[in-house]
Amino acid sequence: MTLSLNQPLEYLKGVGPGRAAMLHAKGLMTIEDLLSYAPFRYEDRSNMKSIAQLAPGEMATVVVEVRSANLAGFRRKNLGLFEAQFTDASRAVLLGKWFHGGYLADRIVPGRKLALFGKVEFDSYRGELQMLHPEFEMLSGDDDEGEAALHVGRIVPIYEAAAKINTKILRTLMYRIISAMPPIEDHLPEVLVRRLRLPDRATALRETHFPAPDADLRMLNSFRSPVQFRLILEEFFWLECGLALKRGKARMMPGIAFQITDRVREQVKAILPFKPTNAQKRVLKEISDDMKLPSPMNRLLQGDVGSGKTIVAAEACVIALENGYQCAILAPTEILATQHYLSLKPLFTKLGYVPALLTGSNTAREKLQIKKLLAQGLVKIAIGTHALLEKDVEFDRLGFIVIDEQHRFGVMQRFELAQKGVTPDVLVMTATPIPRSLAMTIYGDLDVSAIDEMPPGRKKIITKHVPNDQVELVYSFLQRQVEAGRQAYVVYPVIEESETQAMKAAQQMHAHLSKEVFPNIPVGLLHGRLTSAEKESAMDDFKHGRIKILVSTTVIEVGVDVPNATVMVVEQAERFGLAQLHQLRGRVGRGADQSYCVLVTEKLNDTGKERIRTLVDTTDGFLIAEMDLKLRGPGEFFGTKQSGIPALRIANILRDEDILVLARREANEFVNDPPSKEDLAKAVTYIRDHWQRSYGLVQVG
Ligand code: ADP
Ligand code: MG
């Protein structure tokens, strides 16, 4: 029987509807999908011995039969010790012991055959050889010869189970595919295969699942055997080719060549309320150089919290405005949009431009009015939330778009807005420093500018960790800070799905703090369920010092700017991601006074401790982001499913960053300077067919 790669998995012997469903749940639909489900580690079971040949201290594999098995008490305590006696043709005896092994009682029963793999020890009390907690796999009499030999006597692949489909079943399925494998076409450009001396795709797939007898186990387990290298490189290569094509396509589109005259320069200077830092000057130059080009700009502006991205964006807006175009500034939350509006309005108004604020909570009439003014080109600057993305918002001459805190938006939305104008220039801003590996994948189609310098006069924020049972100390500290004229935030996490619960926690805490703990201090409350008028007034009261302590959910996470606030207390800090905590901390330390961040925790596991320690020890956003990515993995990093992170099968952006860098370089070279037109055309077709399915990203077009 031969199979074809795009056949559904149901065609495979041993995959019925039940197993098919379990595999589908892992995103595995076709034969090719299953082939790309690579082992996560390998075991060398080639050291096959009979029990009589075993020596204490060695790692070995034996094929044995269960002679007896029982769940035993251990001395006086019942530890649930499960013990089995095994034997084989050599008639010698080997003991297997599993603590808390009760669950094995109905699997390891006399007469069963199994393969054991583990370290051989000598039980001096009993005078027998034993293995403690050996790996084992049940062998059954009806396995056919060829397949039975898959599981022992070789380097054996270990797969992550897919629901009830365990590693042994997966191994058998892989074997069936490999034995019936149709000729597999190699789509990687030949030049690349030759220059990097890559094994062909068929060999790579076969030997990734069933390594050659002389394969190096250490290399395999670090994912650097030549065959794994090839598959990882291939996955990255197509991803980066797709991104390079997208970038190239964007460059081909007609954009706006903004003029930067002396007058424009003067106007840009005129809005500045302070002297920009060198870093701010440098990135503005990078942005304006890009704006001058006749192709659309797609640029990411990175800068740690408080590094001063907003003013740079405003300066860039002035360039567009002075060229007669409209601007849109997009923020992820109403609070942030409102704050941008309030802080930018006086700056733009100085130049005679009056911005409009458009959010979900404008009345229908207000919205209608603002939309009309935007469509007629009478309002030049729109500041708002995703309400700005609605289909019926039209601009007369949209030329420049700022998207603040990009990671809150899906990548798709980025393109929706970009299509509203005549391919306007787009500046995306983020305060979550993106580790290089991620930037190369999700933001692979953007150019990057970075502000790597803080405005002058900032003091380092002091971060402390306080267990919940000492929270009184925090309160007395808050009291003293407020008496000294400062202000503070107290933040509660949004627990999983439930904004409502977070709101309740915040409400309760607000009542508790304002009535019992700080009866003489004005305490405000801010959460996502307030009307926007209520939010605005809470923010305004805090900004003007009428509220001293602001109890809030994470709605204040991004962008809120009140320089007199010097204390950030985060309750249940263990529930937050590192990057998020760093964001929250960035709400203080914005003025000249010494600022503090207090992380209050309830229960901490080891990872939790490490996370809190990282935050206490460092204020370097990049380091924190790297750490967060390591501890939580790319999927969780942004805390949003639709952040446009490609789904990778065998490659791993953390482990394989070096291969990613190589693949990106190769892909760029291939796309920009292909060996021949036909080669490029073939690659484009291949990517078009595989891109969306393989990486779950938007079509290349
Ligand atoms: P972020 O990059 O986090 O968005 P902001 O743009 O909100 O940072 O800037 C943080 C604070 O620093 C604001 O109060 C802003 O007015 C101030 N700021 C920015 N740049 C400078 C500068 N060059 N000199 C003095 N203050 C600055
Ligand atoms: Mg900001």
Side-chain angles (χ1 to χ4, degrees), residues 268-287 299-318 327 329-333 335-348 350 355 383 402-409 427-434 448-461 486-487 489 539-540 542-545 554-566 568 579-595 597 619-622 624-625:
V268 169
K269 271 208 194 102
I271 67 156
L272 283 176
F274 37 63
K275 205 167 147 291
T277 62
N278 287 330
Q280 285 170 324
K281 282 190 213 154
R282 191 191 67 242
V283 298
L284 180 67
K285 172 93 169 61
E286 288 167 8
I287 293 165
R299 185 166 285 274
L300 176 69
L301 177 56
Q302 282 197 41
D304 213 340
V305 255
S307 61
K309 295 181 292 296
T310 317
I311 194 68
V312 174
E315 289 178 279
C317 283
V318 171
C327 300
I329 301 177
L330 217 64
T333 64
I335 292 183
L336 190 51
T338 307
Q339 183 187 279
H340 276 327
Y341 173 75
L342 293 175
S343 65
L344 293 177
K345 192 170 144 188
L347 304 186
F348 287 128
K350 266 200 289 190
I383 300 177
V402 177
I403 304 181
D404 197 11
E405 307 301 348
Q406 156 69 8
H407 68 278
R408 293 294 197 89
F409 291 98
L427 182 68
V428 169
M429 304 200 290
T430 178
T432 306
I434 317 286
V448 180
S449 290
I451 303 184
D452 51 6
E453 179 189 353
M454 285 288 173
R458 296 281 171 82
K459 286 208 179 75
K460 203 170 159 142
I461 299 166
R486 306 284 99 77
Q487 289 167 279
Y489 302 94
M539 277 307 299
D540 206 54
F542 191 61
K543 206 161 189 156
H544 292 98
T554 46
V555 288
I556 61 137
E557 181 190 337
V558 282
V560 171
D561 187 30
V562 179
N564 191 47
T566 55
M568 166 61 65
Q580 214 181 357
L581 287 172
H582 182 61
Q583 282 286 320
L584 285 169
R585 178 166 61 183
R587 298 306 111 222
V588 296
R590 300 187 150 238
D593 299 301
Q594 178 62 55
S595 287
C597 173
T619 49
D620 178 338
F622 263 96
I624 290 168

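Keep in mind the model is a prediction, meaning the values are calculated, not measured. All values below were derived from every heavy atom in this structure, side-chain atoms included, with hydrogens, water molecules and symmetry-related copies excluded. Ligands are counted one by one from 1 in listed order, and the atoms in each one are counted from 1 as well.
- Checking side-chain atoms of Q487 against main-chain N and O of F542 turns up a donor-acceptor pair under 3.5 Å.
- With hydrogens and angles ignored, the 3.5 Å screen pairs no side-chain donor or acceptor of R486 with any backbone N or O of D593.
- The P455 neighbourhood of ligand 1 comprises atoms 18 (N), 19 (C), 20 (N), 21 (C), 22 (C), 24 (N), 25 (C), 26 (N), 27 (C), with distances under 4.0 Å to a heavy atom of that residue.
- The two residues C327 and C317 make their nearest non-hydrogen contact at SG-O, 3.5 Å.
- Remark: side-chain polar atoms of K459 are not paired, donor with acceptor, to backbone N or O of G589 under 3.5 angstrom.
- Atom numbering of ligand 1 starts at 1 in the shown order; those under 4.0 Å from a heavy atom of R590 are 3 (O), 7 (O), 10 (C), 11 (C).
- Every atom of ligand 1 with a heavy atom of R458 under 4.0 Å away is listed here by number and element: 10 (C), 11 (C), 12 (O), 17 (C).
- Every atom of ligand 1 is numbered from 1 in the order shown, and the set under 4.0 Å from a heavy atom of T277 is 23 (N).
- For the pair S307 and ligand 1, a heavy-atom separation below 4.0 Å is found.
- With hydrogens and angles ignored, the 3.5 Å screen pairs no side-chain donor or acceptor of E286 with any backbone N or O of S449.
- Residue P276 has at least one heavy-atom neighbour below 4.0 Å for each of these atoms of ligand 1: 23 (N).
- Atoms of ligand 1 found under 4.0 Å from any heavy atom of K309 (numbered from 1 in listed order, with element): 1 (P), 2 (O), 3 (O), 4 (O), 6 (O), 8 (O).
- Comment: R585 does not engage D304 in a salt bridge, judged by the lack of any side-chain N to carboxylate O separation of less than 4.0 angstrom.
- Between the E315 side chain and the L284 main chain, no donor and acceptor come within less than 3.5 Å of each other.
- The ligand atoms of ligand 1 that sit less than 4.0 angstrom from a heavy atom of K275 are 22 (C), 23 (N), 24 (N).
- Shown in contact with T310 at under 4.0 Å from a heavy atom are these atoms of ligand 1, numbered in order with element: 4 (O), 5 (P), 6 (O), 7 (O).
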